[in-house]
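Both counts, for ligands and for their atoms, begin at 1 and track the order of listing.
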Amino acid sequence: MKFYSTNNKSLQVDLATAVLQSLPQDKGLYMPVSIPDARAVVADIQDMSLAQIAIAIATPFLEEDFSPAQIRTICEQRIDFPAPVITLSDHLHVLELWHGPSLAFKDFGARFMAGVMSNLAKERQGQLTILVATSGDTGGAVASGFIGVDGVEVVILYPSGKVSPLQEKQLTTHGQNITALEISGTFDDCQALVKRAFHDPDINKKYLLSSANSINIARLIPQTFYYFEAYRQLSDLCRSQEVVFSVPSGNYGNLTAGILAQRMGLPIRHFIAATNVNDIVPSYLTRGIYEPKPSIPTISNAMDIGDPSNFRRIEHLYDHQWSEMKESISGYSYDDETTRRTILSIKQNHNYIMDPHGAIAYLAARDYQKNHAEDEIIVLETAHPAKFLPVMSPLVGDIDIPERLARLSRETKVATQMTNQYESFKSWMLAR
Ligand SMILES: *Cc1c(COP(=O)(O)O)cnc(C)c1O
């Protein structure tokens, strides 16, 4: 498969270039030149495991660059945790996407991308260095995805004092090929340092650099797998012919992958884009005007995004036709107070604990049901609630903390402190 830039259809590159570059030079986003037909997968899906689904879906995207054995290894080793569907009530289900090592759905994208990149590094016989700026969740998933991967080094930049203590442990306790830089500054400062390094000839002479950010096509492909996996389980549960997905959204990678799955032939009737007060896309869907804004901090902080980077891909998939997009996606947004009330009512009504992101998608599904009582809806639960104890505990009391999270609090943080000045970052990079 070749990939083109959304800004220029005739600029086509191979998978290696799309993955290692992450962003085309013309500031577009990479998209596959064609969307594979996966109706045969849908027809056979009852007999398939998640890893088998992953192999079948990934193959057309990767087969020009990787052998069938390599594709199988990437899928089996990287998509090695379950994504179970839980039924809450009639027509309402939850897809738990937090069973991976960092307890967030970003593990699907980050782990698969790590598998792809380590193969590419091997083929180039070079050492690949990944620079990633994180405001919290992404860094943890990337770190655990790349830990111990041969030929790849990861440098994570995070803003000192601005990530939660547990998130910080997820960034700073790996050791081996993962290095954490604690920057005295903001997330934007971290991102600016990374961006400048990518354009710095001295650094590029010494390192083969790549980025692991959320717009990388290698993170999008694996996010389609669990839509198929959810459909498999649901059609088992209730013989449903079509499904509606409610997706808690920030940068819209998750929803973009859902649209790709639909275009591949998965019977998806409708999408719900659920947000906190950062409602750029729901507002676009009602008004037809895309108006980016500075982001507003909320308790569902992974969705505090004022200019969602994957929106350009979605727009592209709908041929820039607002009317078509709003036929197939409904937007809902809620404030923190409503989110808190929802977390409480999910516990009271279903004896189930949802994190602030999933709770928003749950409430959107409920509101959608008012006019679509017979639709089968799957709510994507994107993180384990124990990742958000300061929000959760006052509402629902003690939460069982999974061992892989509990273990972290006993480990020692190792990070290099640094100012937000580019020169200090650069000399540190060059002296390594
Ligand atoms: C990243 C994240 C989201 C938003 O996903 P997008 O693909 O950026 O829309 C939602 N929930 C959680 C827990 C996340 O970490």
Point to revise | Gln25, CD atom: more than 12 neighbouring heavy atoms under 6.0 Å | key: no
Practice item. May I ask you to decide whether Asp375 forms a salt bridge with Arg269, counting only side-chain N to carboxylate O separations under 4.0 Å? Key: yes
**Study point:** Element-labelled atoms of ligand 1 that are located less than 4.0 Å from some non-hydrogen atom of Ala383
**Key:** 13 (C)
Check your understanding: Would you say Ser249 has any N or O atom under 3.5 Å from an N or O of ligand 1, going by distance alone?
Key -> no
Review point. Just by distance, with hydrogens left out, do Ser295 and Asp304 show a side-chain donor and acceptor under 3.5 Å apart?
Key: no
Point to revise | Side-chain donor-acceptor contact under 3.5 Å, Asn278 with Thr275 | key: no
Point to revise | Proximal atoms of ligand 1 relative to Lys106 (non-hydrogen, under 4.0 Å) | key: 1 (C), 2 (C), 3 (C), 14 (C), 15 (O)
Exercise for review: Verify the distance criterion only: is there a donor paired with an acceptor across the side chains of Tyr290 and Asp307 at less than 3.5 Å?
Suggested key: yes
Point to revise | Shortest protein heavy-atom distance from atom 7 (O) of ligand 1, along with the residue and atom involved | key: Asn254 N, 2.9 Å
Exercise for review: Look at Glu64 together with Lys2 and state whether they make a salt bridge at an N to O cut-off of under 4.0 Å.
Suggested key: yes
Review point. Tell me: protein heavy atom nearest atom 5 (O) of ligand 1, and distance?
Key: Phe105 CZ, 3.4 Å
Review point. Looking at ligand 1, does Trp98 have a heavy atom less than 4.0 Å from it?
Key: no
Practice item. Provide, to 0.1 Å, the distance between atom 4 (C) of ligand 1 and the closest protein heavy atom, together with that atom's residue and name. Key: Gly250 N, 3.6 Å
Check your understanding: Less than 3.5 Å between some nitrogen or oxygen of Gln223 and one of ligand 1, yes or no?
Key -> no
Check your understanding: At what distance is the nearest protein heavy atom to atom 11 (N) of ligand 1, and which residue and atom is it?
Key -> Thr382 OG1, 2.8 Å
Check your understanding: For the residue pair Arg78 and Gly145, what are the closest heavy atoms and their distance?
Key -> NH1-O, 2.7 Å
Practice item. Looking only at distances, please establish whether an N/O atom of ligand 1 is found under 3.5 Å from an N/O atom of Phe388. Key: no
Check your understanding: Between the side chain of Gln223 and the main-chain N/O of Arg219, is any donor-acceptor distance below 3.5 Å?
Key -> yes
Revision key, fill the gap. Which of Phe311, Tyr4, Tyr252, Tyr30 passes ring-ring contact (aromatic ring centres under 6.0 Å, His included) with His316? Answer is Tyr4
Practice item. Any atoms of ligand 1 less than 4.0 Å from a non-hydrogen atom of Gly253? List them with their elements. Key: 6 (P), 7 (O), 9 (O)
Practice item. Output yes when Arg410 and Glu403 qualify as a salt bridge under the 4.0 Å nitrogen-oxygen rule, no when they do not. Key: yes
**Study point:** Contact atoms of ligand 1, heavy-atom distance to Pro248 under 4.0 Å
**Key:** 4 (C), 10 (C)
Review point. Just distances here: any N/O of Asn251 and N/O of ligand 1 closer than 3.5 Å?
Key: yes
Point to revise | ligand 1-proximal atoms of Ala104, by part, heavy-atom distance under 4.0 Å | key: neither
**Study point:** Mode of Lys387 contact toward ligand 1 - side chain, backbone, both, neither (heavy atoms, under 4.0 Å)
**Key:** neither
